Amino acid sequence: MADDKKLPTRAEDFSAWYNELVLRAQLADYSPVKGSMVIRPNGYGIWERMQRALDDMFKATGHENAYFPLFIPESFLKKEASHVEGFAPEVAVVTHGGGKKLEEPLIVRPTSETIIYHMFAKWTQSYRDLPILINQWANVVRWEMRTRLFLRTLEFLWQEGHTAHATHDEAEEEARRMLGVYREFMEGWIAMPVITGQKTESEKFAGALRTYSCEAMMQDNKALQAGTSHNLGQNFAKAFELQFQAESGEMAYAWNTSWGVSTRMVGGMVMTHSDDNGLVTPPKLAPIEVVIVPIWKSDEERSRVVEAAHKVKTDLTAWTGRGATDRLRVRVDDREGVKPGAKYYEWEMRGVPLRLEIGPKDLEKGSVFSARRDVKAKAALPLEELPESVARLLETIQQDMFAAAKARREANTHRNVTSYAQFKEIMEGPGGFVYAGWNGDAASEAKVKEETKATIRVIPDEEFRSPEAPTTCLVTGEPATHEVVWAKAY
RNA sequence: CGGGGCGUAGCUUAGCCCGGUAGAGCGCCUGCUUCGGGAGCAGGAGGUCGGAGGUUCGAAUCCUCUCGCCCCGACCA
């Protein structure tokens, strides 16, 4: 009986834990259409905070928002050979409109490269029109066979940046810059450490020259690709005749990049930080940072304590120490008929980072009682300078969550793995990230995937590489051309 | 699309084998007492048993068809 109030635990069934948590924390709910979901206010509030932070970062790096339509002529998808090959199986096609069969079917965008570069071509004549730095916030549709809340659904929300440049190097710089922006966001806001690097040929985006990605480790030791940035080269420019006249007078094809992150990050946040009691949200993304629970026995106490609770909320939200527009996000739970303990469990399930309890004893002492969501730590905070101490505590929580996630990743990262037998043991057992040598051959990559389900997540950027580069390929024993990170992935 | 499982109240489900007209827990509503880690008592609302057809005096239960969902595998941010 008490058991149906508890979540399945991560240890006994990670996947059941995740699904149940997403529903119970009211992040999302299943919609009547198989494979799609409703994002509820609790979940959407987190997404909105993600959007705002990222959007500011995109603007700061010179991008502007625009909006391109949902429907794309089917013929557009076919113009770039590897792109159509990559996406055709998962595209939803509209064949009828207004009660009539359409002359040309429309596809529902799985991504917008084709329509965007078609438009860019229309807008570009000279090198003076470049670069074009555009972002759009949109929904996209990919008809997946197997779906999971936030991680893979038929429709999802994302942003896709699309840029056009005069030179390869400029495009390359842009692709790398945005990868850096993603990393900064994931680590600074989601408190989710990531490894950055380049994707192998077999894992790169259909139509790209090179794909870079941010890879995070979830609590089941599986990798989550949390964001990607592509140098598209001139593939789309050629397919859509995106040309410009260079300073020299000659015509040249533009160089493009595209980069995106999605509501999948909400799933990443859940699987990085949450525990068996429910959601744990990093303060910076929490729609509610502080919940105040008043505690009383008699009616007389109730009126005093509830009044004090609202006064504390007012003091906290009026404080401008984080800037006039970044106020503390506070909620008072003064519902009657629900006992304090029940409220604690409820707000813990919903992931509120900090709880303040205010009862008669606290009022006497001139303090409130605080409880952190991320760790079991409780302490009295003096009412004097409460906003400052609350803000400090939230900042500490944010940092501690990042540190804990990073420590967990490191503890489950294996380096100096040279024997394939040892590798198999790791993948069949605890899993995690394995740094190892690779001969650069897609065949050895495919063999490992076939035999262990693990794939090369990324060819890591320099700062993540081992002090001594592996010299032999994990699979074949041949000389290694790269050090790569292997893991099972979502 | 293959293999496995399941549809009974908002949720979890009992009943089905052996037909007799639906019961529980949680949640919800009202009232009183409670309230520093998931409250108690009393009263109450809520179900064409996924849908269609058949067998039968009678179907949640037996038969046929159908729809949907979940899990496992083949595709993927």
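Computed from a predicted structure; not experimentally measured.
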Between A:K378 and A:K204, whichever has its closest RNA chain B nucleotide further toward 5' is A:K378
Quote, to the nearest angstrom, the P distance that separates B:C49 from B:G23.
-> 14 Å
Would you indicate which nucleotide in B:C75, B:C35, B:G38 comes nearest to any side-chain atom of A:A342?
-> B:G38
Classify the nucleic acid contact of A:Q159 as base, sugar-phosphate or nothing, counting any heavy atom under 4.0 Å across all strands shown.
-> nothing
Spacing of the C1' atoms in B:A52 and B:A14 (rounded, Å) | 27 Å
Test applied, side-chain contact (heavy atoms from CB on, under 4.5 Å); reference residue, A:R373; option that passes from A:V291, A:V280, A:V352, A:L279 = A:V280
Side chain of A:E346, base of B:G37: donor and acceptor closer than 3.5 Å?
-> no
Which part of the nucleic acid, if any, lies within contact of A:L151, taking any heavy atom under 4.0 Å across all strands shown: a base, the sugar-phosphate backbone alone, or nothing?
-> base
Using the P atoms only, state how far B:A60 lies from B:U55, rounded to an integer number of Å.
-> 16 Å
Using a heavy-atom cut-off of under 4.0 Å over every strand shown, decide if A:K343 touches base, sugar-phosphate, or nothing.
-> nothing
Less than 4.0 Å between a side-chain N and a carboxylate O, is that true for A:R49 and A:E289?
-> no
Are A:H310 and A:D334 close enough that a side-chain donor and a side-chain acceptor fall under 3.5 Å?
-> yes
Phosphate oxygens OP1/OP2 of B:G40: is one of them under 4.0 Å from a side-chain N or O of A:K339?
-> no
Residues A:Q225 and A:S213: side-chain donor-acceptor under 3.5 angstrom | no
Contact class for A:Q225 (heavy atom, under 4.0 Å): base, sugar-phosphate, or nothing?
-> sugar-phosphate
Can you tell me, in whole Å, how much space there is between the C1' of B:G4 and that of B:U8?
-> 23 Å
So what does A:Y490 touch, heavy atoms closer than 4.0 Å: a base, only the sugar-phosphate, or nothing?
-> nothing
Interatomic distance at C1', B:C69 relative to B:A77, whole Å = 25 Å
From B:G37, B:G36, B:A74, pick the nucleotide closest to the side chain of A:P360?
-> B:G36
Spacing of the P atoms in B:G58 and B:G53 (rounded, Å) | 15 Å
Pick base, sugar-phosphate or nothing for A:R148, based on heavy-atom distances below 4.0 Å to the nucleic acid.
-> nothing
Using a cut-off of 4.0 Å on non-hydrogen atoms, how would the nucleic acid contact of A:F156 be classed: base, sugar-phosphate, or nothing?
-> base
Stem segments of RNA chain B by first residue number [Watson-Crick or G-U, under 3.5 Å, at least 3] | B:1-7 with B:67-73, B:10-13 with B:23-26, B:28-33 with B:39-44, B:50-54 with B:62-66
Grab the CG-P distance between A:N277 and B:G38 for me, whole Å please.
-> 14 Å
Listed nucleotide nearest any side-chain atom of A:E357, set B:G37, B:G36, B:A77 = B:G36
Please answer whether the main-chain N or O of A:S274 pairs with a side-chain N or O of A:Q219 as donor and acceptor at a distance below 3.5 Å.
-> yes
Expressed in angstrom and rounded to an integer, what is the separation of A:L224 atom CG from B:A77 atom C1'?
-> 9 Å
Between B:A77 (P) and A:M186 (CE): distance, integer Å | 14 Å
Quick one: is A:K453 getting a side-chain N or O under 4.0 Å of the B:G73 phosphate, OP1 or OP2?
-> yes
Checking all strands, does A:T455 fall into the base, sugar-phosphate, or nothing category for heavy-atom contacts under 4.0 angstrom?
-> nothing
A:R335 has an atom CZ; how far is it from atom C1' of B:C35, in whole Å?
-> 13 Å
If we take the C1' atom in both B:C1 and B:G46, what is their distance in whole Å?
-> 41 Å
Between B:G38, B:G36, B:A77, which one does the side chain of A:I295 approach most closely?
-> B:G36
Taking the same atom, P, in B:C11 and in B:G51, what whole-Å distance lies between them?
-> 15 Å
Taking atom C1' of B:G36 as reference, at what distance in whole Å does atom CD of A:E364 sit?
-> 13 Å
Assess A:R409 against A:F433: is NZ or CZ under 6.0 Å from the centre of the six-membered ring, and within 45 degrees of the ring's axis?
-> no
Atom-pair distance (CD on A:E144; C1' on B:A77), nearest Å | 8 Å
Taking atom types as modelled, find out whether A:Y117 and A:N235 have a side-chain donor-acceptor pair closer than 3.5 angstrom.
-> no
Any donor-acceptor N or O pair under 3.5 Å, side chains A:T153, A:E155 | no
Do A:H230 and A:T211 have side-chain atoms, one donor and one acceptor, less than 3.5 Å apart?
-> yes
Choosing from B:A77, B:G36, B:G38, which nucleotide comes nearest the side chain of A:Y345?
-> B:G38
Side-chain heavy atoms of A:V93 within contact of A:W143, under 4.5 Å | no
Atom-pair distance (CG on A:L23; P on B:G10), nearest Å = 17 Å
Whole-Å distance separating the CZ atom of A:F205 from the C1' atom of B:C75 | 16 Å
Regarding the side chain of A:K297, the nearest nucleotide among B:A74, B:A77, B:C35 is B:C35
